[in-house]
Amino acid sequence: MKITLTVNDAAYPLDVEPRRVLADALRDDCGLTGTHLGCEQGVCGACTVLVDGEAVRSCLMLAVQCDGVPIRTVEGLAGADGEPHPLQRAFSAERGLQCGFCTPGFLMLAAGALEHDPALGEEEVAALVGSNLCRCTGYEPIRRAITRAARDHQNGQFHDRRQ
Amino acid sequence: MKPAAFDYLAPHTVAEAVDALGAGAQVLAGGQSLLLEMHLQRARPAVVADINHVPGLDALTVADGTLTVGALVRHRTFGSPGAVPGPLGDLFGRAVGYIAHPPIRARGTMVGSLAWAHPASEWCALAVALDAVVEVRSTRGTREIPAGDYFRGPFQTAREPDELLTAVRYPLLGPDTGVAFTEHRRTGFSFAQVAVGAALTVRDGVIAGARIGLANCADRPLRAHAAERAVVGAGPSPLLFAAAGEAAAAHDAAPVPEPYADVDYRRHVIAVLVARTLREATPV
Ligand SMILES: Cc1cc2nc3c(=O)[nH]c(=O)nc-3n(C[C@H](O)[C@H](O)[C@H](O)COP(=O)(O)OP(=O)(O)OC[C@H]3O[C@@H](n4cnc5c(N)ncnc54)[C@H](O)[C@@H]3O)c2cc1C
Ligand code: FES
Ligand code: FES
């Protein structure tokens, strides 16, 4: 089927089989390998991306379902000049990653949540972090990083250059 | 693994969707169960009918004391305070937090859960406890199935393969009704080992009505009739609720052994959770 994926504001005209899941289309057809695949069963969250502003599992959506729908991946977080997104700075400052395999998923999970509710409280962040798996950090630094980004956001220090 | 090849249809009306099912298509709703089954190739539909473009199926309406939930109402909707009025909304709000986690809840649907009929599903247990009615449509017409007759076993329902579940209806709960939902599970996003939902109506210090739903306590969702009989007509008390818990574990439940939770353990958990849920549901 002929579809156009709109990823980070760029158009990718593709010819895909219906069975192609969004994660594979992003990685193999668009060449955007920042989105990772762990379990392909919705459990690990490494594949989390924003579809129409909503953090979802890209392993549990078909690419053909996303024809013409705005998609945002980890590649779209940093500014055009390469300046890291406030969430990326917070993950770095709080040591929110070790091997980094889970990081794109956590970043997009948090980006989606912050866009919905910039006043994300500590309890909401703790519940949110339970959505994805990390085998390295023990979650605490990830929780701190998202909380820091949320706080910066509320203090007006959150300059998302893409907005 | 990757899903096996299939043809993709995106119907734009209920009639088109029903025609697709009549021709052998399988429904794709939230995809949060179907797509993972397709990854594992336990599900290999030849044709998939994606109902996400059918207008109107996302409606959530209240009329004449009845809540109607359309086939595209996502789990997450029930987490917004006030989405459903009164104690029924409160009960759904308590239950939804136990279903997977936010990204899954953003896509998965209540009606999809009823279609999938996982024995541990929170929505399925509440549907039988609350006397829900599911509405199914095929090229032969529309019929309604009471939840009590609908669930037939693990992943088995009274829905024919060519029938589209269009909606599920629930009677609203009255203001003198208290609700609670409890769940025991291994990790924050595991399926329930045991889950219990309850609605208790108390008038003049006497329990006038009780609805107790059990998830993962048998091969299908259950209404705990023996436990309900144990409490109706009596005054709420810890002793009474403990007896109801024992009744549920001994007479209502028929747990099947699972890894990490054998039958004796599950019966024990059922007794504890039923008593706890009733206590929390008692209106103050
Ligand atoms: C990591 C993870 C954790 C989860 N944890 C839980 C949990 O704790 N509790 C829980 O209850 N669920 C859980 N789920 C399952 C989730 O709730 C699903 O959303 C739900 O089971 C199915 O809803 P869906 O809309 O995604 O349906 P789909 O996945 O689209 O469909 C499921 C099945 O139902 C059929 N179907 C769907 N809608 C209709 C319809 N309208 N008419 C006819 N047939 C239809 C499909 O053909 C398919 O066979 C979890 C899923 C994942 C991935
Ligand atoms: S790869 Fe999608 S959730 Fe694990
Ligand atoms: S940093 Fe290694 S899995 Fe999270």
Side-chain angles (χ1 to χ4, degrees), chain A residues 1-3 16-25 28 37-69 105-106 108-113 116-117 120 123-133 139, chain B residues 1-11 25-26 28-54 72 74-77 79-80 96-109 112 116 185-191:
Chain A
M1 285 177 70
K2 291 210 179 345
I3 59 166
V16 294
E17 280 187 276
R19 63 175 173 155
R20 196 120 181 108
V21 293
L22 176 60
D24 288 331
D28 299 342
L37 268 169
C39 64
E40 299 187 322
Q41 297 184 21
V43 175
C44 74
C47 67
T48 307
V49 302
L50 303 189
V51 173
D52 216 359
E54 211 68 77
V56 297
R57 305 303 207 216
S58 62
C59 69
L60 296 184
M61 278 192 85
L62 301 171
V64 291
Q65 292 187 284
C66 302
D67 188 14
V69 181
F106 271 107
M108 299 319 290
L109 176 75
H116 272 279
D117 179 13
L120 216 54
E123 256 175 56
E124 283 115 339
V125 173
L128 189 71
V129 166
S131 302
N132 288 13
L133 291 178
Y139 302 99
Chain B
M1 272 200 285
K2 303 292 177 190
F6 57 86
D7 287 329
Y8 175 81
L9 299 176
Q26 185 164 357
L28 172 64
Q32 305 301 290
S33 293
L34 180 59
L35 283 177
L36 83 87
E37 291 297 310
M38 288 170 65
H39 269 297
L40 298 168
Q41 296 208 1
R42 291 195 293 227
R44 300 172 55 108
V47 183
V48 166
D50 177 358
I51 60 170
N52 286 277
H53 302 281
V54 179
L72 283 179
R74 315 281 168 185
H75 298 318
R76 188 183 57 189
T77 307
S80 327
V96 74
Y98 292 105
I99 300 174
H101 33 65
I104 306 289
R105 299 203 283 266
R107 297 283 315 158
T109 65
W116 182 233
R185 50 189 177 169
R186 291 185 63 229
T187 73
F189 51 83
S190 304
F191 275 84

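Convention: sequence-line order gives letters A, B, ...; per-chain numbering from 1. Side-chain atoms are counted along with the backbone in the values below, which use heavy atoms only and exclude waters and symmetry mates.
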**Report entry** B:Leu40 portion near chain A, given a 4.5 angstrom heavy-atom threshold
**Finding:** side chain
Query raised in the report: Most heavy-atom pairs under 4.5 angstrom with chain B, which of A:Arg20, A:Glu17, A:Glu40, A:Gln41?
Result: A:Glu40
Query raised in the report: Top residue by heavy-atom pair count (under 4.5 Å) with chain A, among B:Gln32, B:His39, B:Met1, B:Arg105?
Result: B:His39
Query raised in the report: Taking all non-hydrogen atoms of both residues, which atom of B:Leu35 and which atom of A:Leu60 are closest, and how far apart?
Result: CD1-O, 2.9 Å
Query raised in the report: So which residues of residues 42-52 of chain A are in contact with chain B at a heavy-atom cut-off of under 4.5 Å?
Result: A:Gly42, A:Val43
**Report entry** Toward chain A, the part of B:Ala106 with a non-hydrogen atom under 4.5 Å
**Finding:** side chain
Report summary line: Cut-off 4.5 Å, heavy atoms of chain B, and the answer for A:Met61 is both
Requested in this report: Measure the shortest side-chain to side-chain distance between B:Leu28 and A:Leu62 over non-hydrogen atoms and say whether it is less than 4.5 angstrom.
Outcome: yes
Report task. Give the member of B:Ala10, B:Ser33, B:Ala4 that has the highest number of heavy-atom pairs under 4.5 Å with chain A. Result -> B:Ala4
Query raised in the report: Are any of the side-chain heavy atoms of B:Lys2 and A:Asp24 separated by less than 4.5 Å?
Result: yes
Report task. Quick one: closest heavy-atom pair of B:Phe6 and A:Arg19, and the distance? Result -> CE2-CA, 3.4 Å
Query raised in the report: Between B:Arg76 and A:Glu54, is the closest basic N to carboxylate O distance under 4.0 Å?
Result: yes
Query raised in the report: How long is the gap from CD on A:Gln65 to CG on B:Asp50, to the nearest 0.5 Å?
Result: 4.5 Å
